[in-house]
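Inspection log for the structure reproduced underneath, given as structure tokens.
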Amino acid sequence: MALSRISSILERYANAQRDSLIPILQDVQEELGFLSQEAVEEIGKHLNLPTSKIYGVATFYNQFRFQPQGKNHIQVCRGTACHVKGSAVILDTFLRELKLDPGQTTRDGEFSLEVVACIGACGLAPVICINGDFHANVTTQKVSQILNTYRTK
């Protein structure tokens, strides 16, 4: 199934060269939700590039991910205002509670965690965003409460 979806994207880039790599990666991720190993291999064949080059480009940019996102995608802001107001301990609390590292998804597929440079809500610091919903003035005590709210949805 995924192979046919990847193939249909690559058909739109019939005579593509290396300069089409990023748009192809973006289109594949938009379609699949992440860049699978199968997708990277197919893109490599299509562009006549080794998979190591594709991974090199994809890992350079924060926008690409290699695992599917969880049902509830958590973004923890680490911008200056959030950092000053304690986002490092907020992040550590999420890591402990969810037993995962940034960029990973829980085994049950319920949560994924991403560290972002700035969410753009500095006045709400420290702030997190889950599925587009902002949570302001987050404290370590609020983390469990926030997670439980999303677990019940």
Side-chain angles (χ1 to χ4, degrees), residues 1-10 20-44 49-153:
M1 179 70 145
L3 185 56
S4 66
R5 292 162 63 194
I6 297 165
S7 295
S8 68
I9 292 168
L10 294 176
S20 297
L21 177 57
I22 291 175
I24 291 171
L25 291 171
Q26 290 170 327
D27 288 353
V28 169
Q29 181 167 284
E30 186 174 327
E31 177 67 25
L32 301 179
F34 70 108
L35 299 174
S36 66
Q37 182 176 342
E38 177 184 41
V40 171
E41 290 170 359
E42 290 302 310
I43 293 167
L49 289 172
T51 56
S52 61
K53 293 280 186 197
I54 296 168
Y55 278 113
V57 169
T59 56
F60 179 78
Y61 295 99
N62 287 357
Q63 66 179 302
F64 298 116
R65 58 190 167 273
F66 301 98
Q67 295 183 42
Q69 282 187 338
K71 177 180 164 192
N72 297 295
H73 184 67
I74 303 165
Q75 296 174 304
V76 178
C77 183
R78 289 289 291 133
T80 303
C82 288
H83 174 75
V84 168
K85 296 235 179 161
S87 67
V89 292
I90 304 301
L91 175 60
D92 287 342
T93 305
F94 275 107
L95 298 175
R96 263 193 327 279
E97 291 264 343
L98 297 172
K99 297 176 178 63
L100 50 76
D101 289 323
Q104 293 182 332
T105 302
T106 55
R107 288 184 186 202
D108 62 4
E110 191 68 27
F111 293 99
S112 55
L113 182 67
E114 176 183 12
V115 175
V116 295
C118 183
I119 287 180
C122 303
L124 305 174
V127 66
I128 65 164
C129 182
I130 303 178
N131 302 337
D133 297 328
F134 287 84
H135 297 269
N137 304 307
V138 177
T139 64
T140 55
Q141 294 79 20
K142 289 182 182 178
V143 169
S144 290
Q145 187 178 23
I146 291 168
L147 289 173
N148 286 336
T149 300
Y150 285 88
R151 283 185 177 113
T152 59
K153 284 188 178 181

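Worth saying up front: this structure is predicted, and the values here are computed from it rather than measured. The analysis underlying the following values was restricted to heavy atoms, covering all of them including side chains, and did not include hydrogens, waters or symmetry mates.
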Indicate yes or no: at least one non-hydrogen side-chain atom of Ile128 is less than 4.5 angstrom from one of Phe134. no
On a heavy-atom basis, the closest approach of Glu38 and Leu3 is OE2-CB, 3.6 Å
So, does Gln104 use its side chain to make a donor-acceptor pair with the main chain of Asp101 at under 3.5 Å? yes
Between Cys77 and Cys118, the two heavy atoms sitting closest are SG-CA, 3.7 Å
Taking every heavy atom of Asn137 against every heavy atom of Ala125, the minimum-distance pair comes out as OD1-O, 3.2 Å
Side chains of Leu32 and Ser36: closer than 4.5 Å at any heavy-atom pair? yes
Less than 4.5 Å apart, any side-chain heavy atom of Thr93 and any of Leu91? no
Using a 4.5 Å cut-off on heavy atoms from C-beta on, say whether the side chain of Lys142 contacts that of Thr139. yes
Could you check whether any side-chain heavy atom of Leu147 comes within less than 4.5 Å of a side-chain heavy atom of Asn72, counting everything from C-beta outward? no
Give a yes or no on this: more than 12 heavy atoms of other residues, nucleotides or ligands lie within 6.0 Å of atom CD of Glu31. yes
If we ignore angles and hydrogens, is there a donor and acceptor under 3.5 Å between the side chains of Gln26 and Gln63? yes
Provide the closest heavy-atom pair for Ala58 versus Leu25 in the form atom of the first, atom of the second, distance. CB-CD1, 4.1 Å
Which heavy atom in Glu42 sits nearest to a heavy atom in Leu10, and how many Å separate them? O-CD1, 3.8 Å
Heavy-atom donor-acceptor pair, Ser112 side chain to Gly70 backbone, under 3.5 Å: yes
If I take atom CD from residue Gln141 and atom CD1 from residue Ile146, how far apart are they, to the nearest 0.5 angstrom? 11.0 Å
Ring-ring centroid check Phe64 Phe34, cutoff 6.0 Å: no
Flag side-chain contact, heavy atom, 4.5 Å: Pro102 against Leu95: yes
Donor-acceptor contact below 3.5 Å, side chain Asp27 vs main chain Ile9: no
How many angstroms lie between CD1 in Ile43 and OH in Tyr55, if you round to the nearest 0.5 Å? 9.5 Å
Could you check if a side-chain atom of Ile130 sits within less than 4.5 angstrom of a side-chain atom of Thr149, using non-hydrogen atoms only? no
Could you tell me whether the side chains of Ser144 and Glu97 share a donor-acceptor contact shorter than 3.5 Å? yes
Does Ile74 form a side-chain contact (heavy atoms from CB on, under 4.5 Å) with Leu98? I'd like the steps, not just the answer. CA-CA 11 Å; Ile74 303 165; Leu98 297 172; 3.7 Å; yes
With rounding to the nearest 0.5 Å, note down the distance linking CG in Asn131 to CD in Gln69. 8.5 Å
For the residue pair Arg78 and Ala88, what are the closest heavy atoms and their distance? NH1-N, 3.3 Å
Val127 side chain near Val138 side chain, heavy-atom distance below 4.5 Å: no
Please round to the nearest 0.5 Å and tell me the distance separating atom NZ of Lys71 and atom OG1 of Thr105. 14.0 Å
Look at the side chain of Gln29 and the backbone N and O of Arg65, then say whether any donor-acceptor pair between them is shorter than 3.5 Å. yes
For the side chain of Thr106 and the backbone of Phe111, is there at least one donor-acceptor N/O pair under 3.5 Å apart? yes
Backbone N/O of Ile90 and side chain of Ser87: donor-acceptor pair under 3.5 Å: no
Mutual orientation of the aromatic rings belonging to Tyr150 and His135 [parallel < 30°, tilted 30-60°, perpendicular > 60°]: perpendicular
